[in-house]
Amino acid sequence: MITRMSSLFLRTLREDPADAEVPSHKLLVRAGYVRRVGPGGYSWLPLGLRVLRRIEQVVREEMDAIGGQEIQFPALLPREPYEATGRWTEYGDSLFRIKDRKGGDYLLGPTHEELFALTVKGEYSSYKDFPVVLYQVQTKYRDEARPRAGILRGREFLMKDSYSFDLSDEGLAASYQLHREAYQRIFDRLGLSYVIVSAMSGAMGGSASEEFLADAPTGEDTFVRSTESDYAANVEAVVTPAPPALSIADKPESQVHHTPDTPTIETLVTFLNGAGLGREFTAADTLKNVLVKVRAPGAKSWELLAIAVPGDREVDPKRLEAALYPSDVALLEEADFTANPFLVKGYIGPKALQDNGIRYLVDPRVVTGTAWVTGADKVDHHVVDLVCGRDFTPDGTIDVADVREGDPSPDGRGTLVAARGIEIGHIFQLGRKFANVFGLDALGADSKPIRITMGSYGIGVSRLVAVIAEQSHDEQGLVWPRAVSPADVHVVIAGKDDAVREGGERLAAQLDEAGLSVLLDDRTSTPGVKFADAELIGVPTIVVVGRGLAKGVVEVKDRASGERVEVPVDDAVAHLTDLVRG
RNA sequence: CGGGCUGUGGCGCAGCUUGGUAGCGCAUUCGCUUUGGGAGCGAAGGGUCGCAGGUUCAAAUCCUGUCAGCCCGACCA
């Protein structure tokens with residue numbers, strides 16, 4: 001196919017749009033791929049739509065390769081299925097709700113687990129029908145609190161979502177693995193740099209869950225990776241390795257000290273080091289007891305929970321929430337302290353907690369034989385050398401302390417560093433949550449029903465356009481990988497005389513004949529404009545037909561490296577075909 | 001939802017303090033020149049200044065409200 005820029009619906013911009021911050025947003029707008037229509041809503045112009053379609057194609061090929069079957073649901077959905085799973089309310093303000101003329105409730109689908117589960121229930125009823133994998137590539141709607149960065153986070157976006165239906169946990173694990181491998185092939189083909197991190201499944205329920213995060217300094221998701229190994233994880237999923245237990249026998253007796261005006265860790269450490277105890281204390285030698293209250297799902301009342309972390313660390317709210325999910329967590333209010341006078345703010349210690357029957361969970365670093373400075377349950381008093389396993393016995397561990405750069409990697413190799421990424425894919429084993437709600441069963445060989453177990457797998461297809469742009473651009477503009485480029489070659493006619501024009505036209509026709517898609521700059525603009533636009537648009541191979549034509553050569557430029565070679569015009573088609581076909 | 005900044009031809013901006021004929025660059029159209037790195041000269045079209053209300057003889061400019069955008073935070077499969 002030949003696309004003529006003289007008639008292409010395209011206007012490139014010389015300046016960055018004022019509302020754009022990240023490179024992909026600036027460049028996709030400047031190069032005429034997308035235009036903003038409303039908050040979080042973008043239109044796809046011809047070049048942008050081609051890239052989007054090519055990405056879809058890669059996704060479809062790999063989904064089909066693992067036996068996925070494509071179907072399509074409406075985006076406009078009735079309330080009932082989402083009412084049944086509780087997500088009509090659970091989704092909160094992020095759900096676009098609409099009323100029809102009769103006052104009936106509808107929503108614009110944010111994700112389609114309900115519909116897939118109901119559809120399978122409607123069609124299949126025998127164990128012989130399973131397993132099955134269905135998918136769709138469809139527009140999703142989420143009323144994001146803050147859409148940002150152009151198409152990176154919109155309120156309407158294109159997503160591939162697939163769902164596996166299996167008879168057993170082993171089957172689900174196999175379907176999950178198939179998807180995981182398909183996703184790796186997809187992202188590899190798209191030329192992306194990414195990591196797979198273990199994630200918490202959060203509100204979706206279910207167990208195993210991994211996210212595919214594309215490396216990008218502008219990403220919204222923070223994760224940690226090891227300096228030495230390929231370990232990577234969401235902060236919520238980092239497991240702190242427990243040090244080996246120590247001997248109790250050689251520890252000095254615990255002693256209560258009068259420590260006036262030391263309600264914070266900082267004041268306490270300063271005081272201790274000035275108290276002449278014969279050793280240096282750091283915040284890491286102290287044990288901070290943090291009180292929260294938790295409420296199990298469906299429960300009416302809150303239960304107090306004490307969490308001990310080393311004094312140099314804070315409780316990370318996200319890790320806390322993930323660790324206690326699905327229970328709700330809240331900080332204590334003044335009234336809670338009043339109701340429990342044994343809680344001496346700033347001086348809480350394990351003794352009072354355990355004496356009063358409060359569940360006491362400690363950081364994994366608090367192992368048997370470790371000695372701590374902690375509260376003595378009395379204003380202005382702390383206890384030194386309180387030994388775990390001798391002076392107090394926790395009810396268990398809870399891994400909610402903040403994770404920091406320099407912490408040892410959980411796999412034992414290297415230390416952790418923080419990195420930022422953009423979520424491009426998410427796979428997880430949903431389990432039977434949705435099947436239970438809808439009674440999704442298959443009749444087994446013994447004529448007894450088998451509850452189906454589901455997996456759910458998503459790829460942000462439209463987001464990928466931005467993510468690829470984010471990872472692949474330079475000062476001049478976009479640099480598309482061949483797999484998704486809006487054209488195979490960009491032929492620039494650099495000259496006004498008829499010979500040059502005809503030479504460019506002829507080459508374009510020959511390349512088209514050879515099966516390549518050609519973007520032909522046949523405009524009457526000056527060469528400088530055309531070169532700048534070619535670099536902005538980002539087709540990986542640029543062919544300049546111009547002054548060299550007189551001596552029988554054209555110039556072939558690699559967009560990524562900037563390298564240029566002169567190729568005899570008679571060899572150009574073969575040369576370019578080789579380049580494009582790899 | 002909280003804090004900060006910003007809304008003026010298609011795009012990027014000035015004008016607002018001190019109210020009085022709406023301006024610049026890019027883009028677009030026409031003419032002549034130019035043609036390997038975002039050309040030159042000349043001419044032209046295009047904006048009820050986000051929206052609503054108020055003050056005033058007079059509002060882009062002052063006041064009130066509202067909507068939208070960007071950034072930080074909260075939230076978010």
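To find a chain, count down the sequence lines: A is the first, B the second, and so on, and within it residues start at 1.
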Checklist entry - Could you state the CD-C1' distance from Glu21(A) to rU6(B), rounded to the nearest angstrom? => result 13 Å

Next on the checklist: Does Gly40(A) reach a base, just sugar-phosphate, or nothing at all? Heavy atoms under 4.0 Å.
Outcome noted: nothing

Next on the checklist: Measuring only the P atom in each nucleotide, how far is rG38(B) from rC1(B)? A whole number of Å is fine.
Outcome noted: 49 Å

Item to check | Rounded distance (Å) that lies between atom C1' of rC76(B) and atom CD of Glu211(A) | outcome: 12 Å

Item to check | Nearest-angstrom distance from the residue atom CG of Asp533(A) to C1' of rA27(B) | outcome: 12 Å

Checklist outcome for this item: Rounded to whole Å, the CZ-C1' distance (Phe157(A) to rC76(B)) equals 11 Å

Next on the checklist: What is the separation between atom CG on Leu10(A) and atom P on rA27(B), rounded to the nearest whole Å?
Outcome noted: 15 Å

Checklist entry - Taking all atoms of both residues into account, what is the closest heavy-atom pair of Thr111(A) and Tyr82(A), and its distance? => result O-OH, 2.6 Å

Checklist entry - Using 30° and 60° as the class limits, which term best fits the ring planes of Phe187(A) and Phe212(A): parallel, tilted or perpendicular? => result tilted

Item to check | Identified pairing partner of rC51(B), criterion: Watson-Crick or G-U wobble below 3.5 Å | outcome: rG65(B)

Checklist entry - When you compare rG25(B) with rU61(B), how far apart are their C1' atoms, in angstrom units rounded to a whole number? => result 23 Å

Checklist entry - Considering only the C1' atoms, how many Å lie between rC26(B) and rG45(B), rounded to the nearest integer? => result 16 Å

Checklist entry - Which base sits across from rU34(B) as a Watson-Crick or G-U pair, both distances under 3.5 Å? => result none

Checklist entry - In whole angstroms, how far is the C1' atom of rA77(B) from the OH atom of Tyr135(A)? => result 21 Å

